[in-house]
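Below, read A as the first sequence line, B as the second, and so on, with proteins coming before strands; counting in each chain starts at 1.
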There are 2 protein chains.
Amino acid sequence: MSTLPCGRKKPSNTPKNTQKTAEWKVVLARYLKDKKLRATTQRERVAEMIFIKKSHFDVQTLIKEVQTKHPEIGPATIYRSVNTLCDAGLLQESLQSNSGVTLYEAIEEEHHDHIVCLDCGEIFEFHDEAIEDAQNKALRKMGFQQAKHKHVIYAKCALVAKNKKGE
Amino acid sequence: MSTLPCGRKKPSNTPKNTQKTAEWKVVLARYLKDKKLRATTQRERVAEMIFIKKSHFDVQTLIKEVQTKHPEIGPATIYRSVNTLCDAGLLQESLQSNSGVTLYEAIEEEHHDHIVCLDCGEIFEFHDEAIEDAQNKALRKMGFQQAKHKHVIYAKCALVAKNKKGE
DNA sequence: ATGAATGCAAAGGTTTTGCACCCCC
DNA sequence: GGGGGTGCAAAACCTTTGCATTCAT
C-alpha cells in the first residue's frame, strides 16, 4: 500500500479508476465499424496490453513489452495502433515524462491532473474542485471559454522532506 | 494592440515582462565564471538573439534565425548554447507547441501559466492568485511540498465564439 | 475480391556526440 | 599552452511513410 520509493501512500483524492476495463472492447469495435476499419489481431493485442497495464506509459516501453509477448508485431503497427486508439477516444497523451517523452494514458470518466513526485518519480493523479473552479473563474474573467487543460505539478513528498530534516 | 488573428487583446493580468533585458549578460557572465566556462562570441550571439526576441520559441526556429544573421554558427553550437542558458537559470522549457515541439522561454521574475488559444494559436501568459492558492492548499492536503508546476489551458476566445454564433 | 492493415525497410526530423581544430583565459 | 568551445559530419533516436504482401470482411 504505502510501499512507494518515497514511502508514502497515494493521495486520498486520487480518482478511482473508472475506466471500463471491459468496455474498451465495445467502444473500439463500435469505432472501427463506424469508420469501416478492420478488427485485426495485432490491434487487439496492442490494445489489450495497453488497457491491462497501468497508465502513463511511453510508446517505446510499450513496444518492448508488446514484443516480448508478440515478437511478430512491428513498431510501426504499434505506433499506428496507439494513434487509432487516440482517434477512437480511448487513449490520450497525458504529460511529458521527466526526460521529455510523451506519456499516454487511458481516457477515464473523471478529469484529473497530475503530480510528479520529485523524490520517487511516481506520477499521482488528483482532482481538486477548488482548483478547477478558480481556473474556470479566471478564464471567464479573461474572456476565454474553457476547452481543456494540462496541469502538472512537480512536488516533493512532505514525508521525505521531514525524514531528511531528521537525519 | 488587439490585432491578434482571433481579434482580441491580451488578457489584462498578463504579467509585465519583468525580464532584466540587460541583466542577462551579468547573470550569464557570473555563471560562466563560476563554472569555469568560457565567454565565446557564438554563445553571446545566440543569447542575444534569444533575449531580444519574444518568448515561446523552439530551437529549430531559433537556428534558422541565428543562421540568417550568423551563418557560421552551427546547429550543434546553438543546441549547446540553449542548454547552457537553461543550466544558467536564464531559460527554461515552457510548454509544447501544438505540433508537440518543445518551446523555450526566458525565466522571468513572476511565475505565470499559459493559455493556448485554440482559435489563433497565440500563447497568452497569465497569473491568477486564486488558482495558485487553491493549488497550494490542495498540495498541502495531499502531503506534498510544492516545487513548481506547468499549467497549460487550451481555450477558445469567447469573442470568436460569439462572432460565430452571430453568423 | 477488394482494400485496409501489416511488416519491413527507408526516410524524415530532431538532438546528441566524436573529433580535429580553434581560441579564450 | 591547456582545456573548453566550435563546426562538421556521423550517429542516435523517435516517428512516419512507401510498398509489396497478407488478411478481414
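- Using a 3.5 Å distance cut-off with no hydrogens or angles, the side chains of Asp113(B) and His149(B) do pair a donor with an acceptor.
- Between the P atom of dA5(C) and the NE2 atom of His70(A) lies a distance of 19 Å, rounded to the nearest Å.
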| task | Determine, step by step, whether Val152(B) and Ile115(B) satisfy the side-chain contact (heavy atoms from CB on, under 4.5 Å) criterion, reporting the C-alpha distance in whole Å, the side-chain angles of both residues, the deciding distance to 0.1 Å, and the verdict. | result | CA-CA 6 Å; Val152(B) 183; Ile115(B) 300 179; over 6 Å; no
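- In this structure, a donor-acceptor pair under 3.5 Å is absent between the side chains of Gln135(A) and His151(A).
- Residues from residues 37-44 of chain A placing a heavy atom under 4.0 Å of any atom in DNA chain C, listed by number, are Leu37(A), Arg38(A), Thr40(A), Gln42(A), Arg43(A).
- Qualifying side-chain contact (heavy atoms from CB on, under 4.5 Å) partners for Thr68(B), counting only residues two or more places apart in sequence or in other chains: none.
- On the nucleic acid side, DNA chain D contacts chain A at distances under 4.0 Å to non-hydrogen atoms, with the end points of that region at dC14(D) to dT25(D).
- Atom P of nucleotide dT14(C) and atom CD of Gln96(B) are separated by 14 Å, given to the nearest angstrom.
- The OH-C1' distance, from Tyr79(A) to dG13(C), rounds to 13 Å in whole Å.
- Across all strands, Asn83(B) comes closer than 4.0 Å only to sugar-phosphate atoms, never to a base (heavy-atom distances).
- When the local axes at the two ends of the helix from dA1(C)-dT25(D) to dC25(C)-dG1(D) are compared, using 5 base pairs at each end, they differ in direction by 30° after rounding to 10°.
- With rounding to the nearest 0.5 angstrom, the CG atom of Leu118(B) is 9.5 Å from the CZ atom of Phe144(A).
- Looking at which nucleotide of DNA chain D each of Gln60(A) and Arg80(A) is closest to, the 5′-most match is held by Gln60(A).
- Across the protein-nucleic acid pair, Lys35(A) atom NZ and dA5(C) atom P stand 12 Å apart, rounded to whole Å.
- Here Arg43(B) pairs with Leu32(B), Leu37(B), Thr40(B), Ser81(B), Thr84(B) under the side-chain contact (heavy atoms from CB on, under 4.5 Å) rule; sequence neighbours left out.
- Just one of Arg140(B), Lys137(B), Lys141(B) meets the salt bridge (Lys or Arg N to Asp or Glu O under 4.0 Å) condition when paired with Asp128(A); it is Lys141(B).
- In this structure, a donor-acceptor pair under 3.5 Å is absent between the side chains of His127(A) and Glu125(A).
- Take the nearest nucleotide of DNA chain C for Pro75(B) and for Lys36(A): the residue whose nucleotide is more 5' is Lys36(A).
- You'll find the side chain of Leu90(B) reaches within 4.5 Å of the side chain of Phe51(B), heavy atoms only.
- In this structure, Lys64(B) places its NZ atom 14 Å from C1' of dT15(C), rounding to the nearest Å.
- In this structure Glu105(A) satisfies the side chain to side chain donor-acceptor pair (under 3.5 Å) test together with His56(A), Gln92(A), His112(A), His114(A), sequence neighbours excluded.
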